[in-house]
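All remarks here apply to the structure that follows.
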Amino acid sequence: MTHSDARLDPRRWKALVFICLAQLMVVLDGTVVNIALPHAQTDLGFSDANRQWVITAYALAFGGLLLFGGRISDLWGRRRAFMIGLVGFAAASALGGAAANTAMLLGARALQGAFAALLAPAALSLLTVMFTEARERAKAFGIYGAIAGGGAAIGLILGGILTEYLNWRWTLYINVFIAAIALAGAIFEIREPATDRHGARLDIPGVLLASTGLAAVVYGFGRAASDGWSDPWTIATLVAAVVLLVVFVMVQRRVASPLLPLRVVLDRNRGGAYASLGLATIGMFGMFLFLTFYLQVVHGYSPVVAGVAFLPMVVGMMIGATQIGARLVIKVPPRRLMTPGFLVAAIGLAILAQMKVDSPYAAVVLPGLFLIGLGLGTAFMPAMNLATNGVEPRDAGVASAMVNTSQQVGGAIGTALLNTIATSATAAYMTAHAQEATTPESGTLLGLEGMVHGFSVGIWLGAGMLVLAAAISFVLINFGRPAAGHRDGDPDTAVPNFAH
């Protein structure tokens with residue numbers, strides 16, 4: 001046994017199960033509540049305007065506090081932050097499930113987001129410091145990447161089952177059981193390596209600027225989706241977000257112990273990984289939105305059937321992350337997986353963009369979803385691996401938070417931007433074909449055709465975002481260790497070494 005092997009925690013693979021379980025809970029909670037919203041609205045009697053806030057309250061707290069949560073895990077210790085995040089998330093979920101009115105539900109959702117912002121970076125940073133041997137790290141990140149990417153689709157499936165066969169409140173109560181299992185695993189199986197912690201004082205100005213700036217980004221794009229881009233509050237919020245984040249960067253350059261050391265994001269490989277993950281999430285979240293409506297409104301699927309219809313994506317994601325990405329990442333440079341992976345996912349979106357009102361599921365939706373999952377699984381695994389590779393142990397938490405931040409901001413932008421484009425395309429289609437609605441039946445058909453046309457346009461834009469993600473990964477990412485017999489510095493003849 002080598003000295004390196006002797007330092008490896010023998011329980012690390014058991015610990016991985018509970019880390020991934022916690023990450024699954026955080027990711028699926030972004031979508032598991034969506035399908036339950038109509039039932040919750042009927043039960044609690046909140047307005048259509050407040051319906052959006054059930055989703056936005058979670059997203060605002062989660063996106064706004066991620067960097068803060070990542071740095072807290074560096075200060076307190078990743079295992080401790082992980083356990084506190086689990087307990088808090090479970091308590092907030094129980095509060096939401098027992099909500100007696102709208103205010104109680106919205107408050108619980110915001111608390112969920114706050115504790116998720118502590119839990120998610122702690123989970124990924126634990127993975128980063130526990131798996132340092134190249135082959136094991138590749139396998140661990142393959143499993144984690146599949147769950148992180150497929151969790152949103154699993155949330156749709158689980159949300160449909162719980163809502164249809166139990167009650168909408170169980171889409172929140174289920175988290176209590178998941179968190180309890182993950183907490184037991186953390187107590188008995190997770191042991192954080194004795195690595196350096198971030199011992200400096202917390203950067204309070206950085207926390208305030210980053211939290212308000214990121215929350216403004218999420219809120220601004222969420223408001224754009226409901227009130228339009230010309231709404232004064234939308235414009236004011238997005239301008240404020242830009243100002244706050246610019247000031248944040250200026251402060252980070254000057255303080256002795258910054259919340260986000262710029263070395264973490266200015267590295268071209270990590271920066272490229274963050275940017276490509278964010279762009280890919282824009283396309284993926286837009287697709288979730290459109291396809292959920294397409295299956296339930298156009299094809300009349302029940303919530304359960306609509307959720308199960310996303311299974312090909314989950315299967316593709318598992319294959320791409322564990323059988324392609326994890327096996328090849330130690331043999332080829334990351335960009336040789338990321339670039340084709342994003343392109344395959346773009347092809348899947350292009351297939352979905354061919355949807356018509358009467359398109360058979362097996363001919364369009366199934367192959368499109370499978371290719372999206374296969375491509376994103378292949379690309380996400382090395383991207384997440386690379387995004388946390390090479391950082392100092394004391395910065396592992398905040399580097400992990402940046403992975404979640406890029407995805408959270410990408411999801412907010414994707415939902416707003418693609419939905420706006422789709423709505424405009426639908427309106428234009430209806431205007432151009434208004435003369436065809438000569439009977440009530442033809443009017444109904446025209447409405448569905450206009451809706452599907454808008455979805456198609458939005459999905460095409462999502463495909464473009466994935467092509468852009470592929471281009472960024474190809475141009476920016478040059479990480480790799482020169483292989484024997486090859487020239488130093490040539491990224492195309494390099495084999496990645498992900499060990500710290």
Side-chain angles (χ1 to χ4, degrees), residues 17-18 20-44 46 51-52 54-55 58-59 86 89-90 92-99 105 108-109 112-113 116 119 143 146-182 284-285 287-319 321 352 361-362 365-366 368-370 372-373 376-377 411 415:
V17 174
F18 301 106
C20 288
L21 187 62
Q23 176 63 18
L24 175 63
M25 181 178 67
V26 171
V27 175
L28 68 82
D29 209 68
T31 56
V32 71
V33 178
N34 290 32
I35 289 179
L37 270 181
H39 299 266
Q41 184 175 8
T42 301
D43 192 9
L44 298 181
F46 52 81
R51 182 174 59 192
Q52 175 188 336
V54 178
I55 306 300
Y58 178 84
L86 284 170
F89 197 93
S93 298
L95 181 66
L105 178 60
R109 289 289 287 167
Q112 277 187 306
L119 178 59
I143 297 170
I147 288 175
I154 295 172
L156 293 172
I157 299 170
L158 186 61
I161 293 173
L162 292 173
T163 300
E164 189 158 325
Y165 294 110
L166 290 173
N167 185 285
W168 71 267
R169 296 178 184 275
W170 280 96
T171 62
L172 294 162
Y173 285 144
I174 189 68
N175 293 324
V176 177
F177 298 98
I178 299 175
I181 297 171
M284 186 171 72
F285 266 68
M287 178 272 297
F288 277 133
L289 176 68
F290 301 141
L291 201 54
T292 299
F293 276 91
Y294 176 73
L295 293 174
Q296 294 192 60
V297 176
V298 178
H299 281 278
Y301 288 10
S302 69
V304 171
V305 175
V308 172
F310 281 90
L311 271 177
M313 179 180 172
V314 178
V315 173
M317 189 81 68
M318 295 295 293
I319 294 173
L352 283 184
Y361 171 85
V365 179
L366 190 153
L369 282 176
F370 179 77
I372 292 168
L376 290 182
T415 301

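- Between Ala306 and Gln296, the shortest heavy-atom contact is CB-CG, 3.7 Å.
- Within the 4.5 Å cutoff, side-chain heavy atoms of Leu172 are placed close to those of Leu105.
- Side-chain contact between Tyr173 and Leu166 is absent, with no heavy-atom pair separated by less than 4.5 Å.
- Below 30°, between 30° and 60°, or above 60°: for His299 and Tyr301 the angle between ring planes is between 30° and 60°, a tilted geometry.
- When all heavy atoms are compared, the tightest approach of Ala22 to Leu86 is CB-CD2, 3.9 Å.
- Classified by interplanar angle (parallel below 30°, tilted 30° to 60°, perpendicular above 60°), the ring pair Tyr58/Phe89 is perpendicular.
- Taking each heavy atom of Leu21 and Ala182 in turn, the nearest pair found is CD2-N, 4.0 Å.
- The two residues Leu376 and Met313 have their closest heavy-atom pair at CD1-CE, 4.5 Å.
- Contact annotation: the side chain of Phe18 approaches that of Ile181 to within less than 4.5 Å [non-hydrogen atoms, C-beta and beyond].
- Between Met287 and Leu369, some side-chain heavy-atom pair lies under the 4.5 Å cut-off.
- Leu162 and Thr171 get closest at one heavy-atom pair: CD1-CA, 3.9 Å.
- Distance check, rounded to the nearest 0.5 Å: OH of Tyr294 to CG of Leu352 gives 9.5 Å.
- Interatomic distance, Thr42 OG1 to Trp168 CH2, rounded to the nearest 0.5 Å: 11.0 Å.
- Contact between Ser93 and Gln112 at its shortest, heavy atoms only, is OG-NE2, 2.8 Å.
- With values rounded to the nearest 0.5 angstrom, Met317 atom CE is found 9.0 Å from Ile372 atom CD1.
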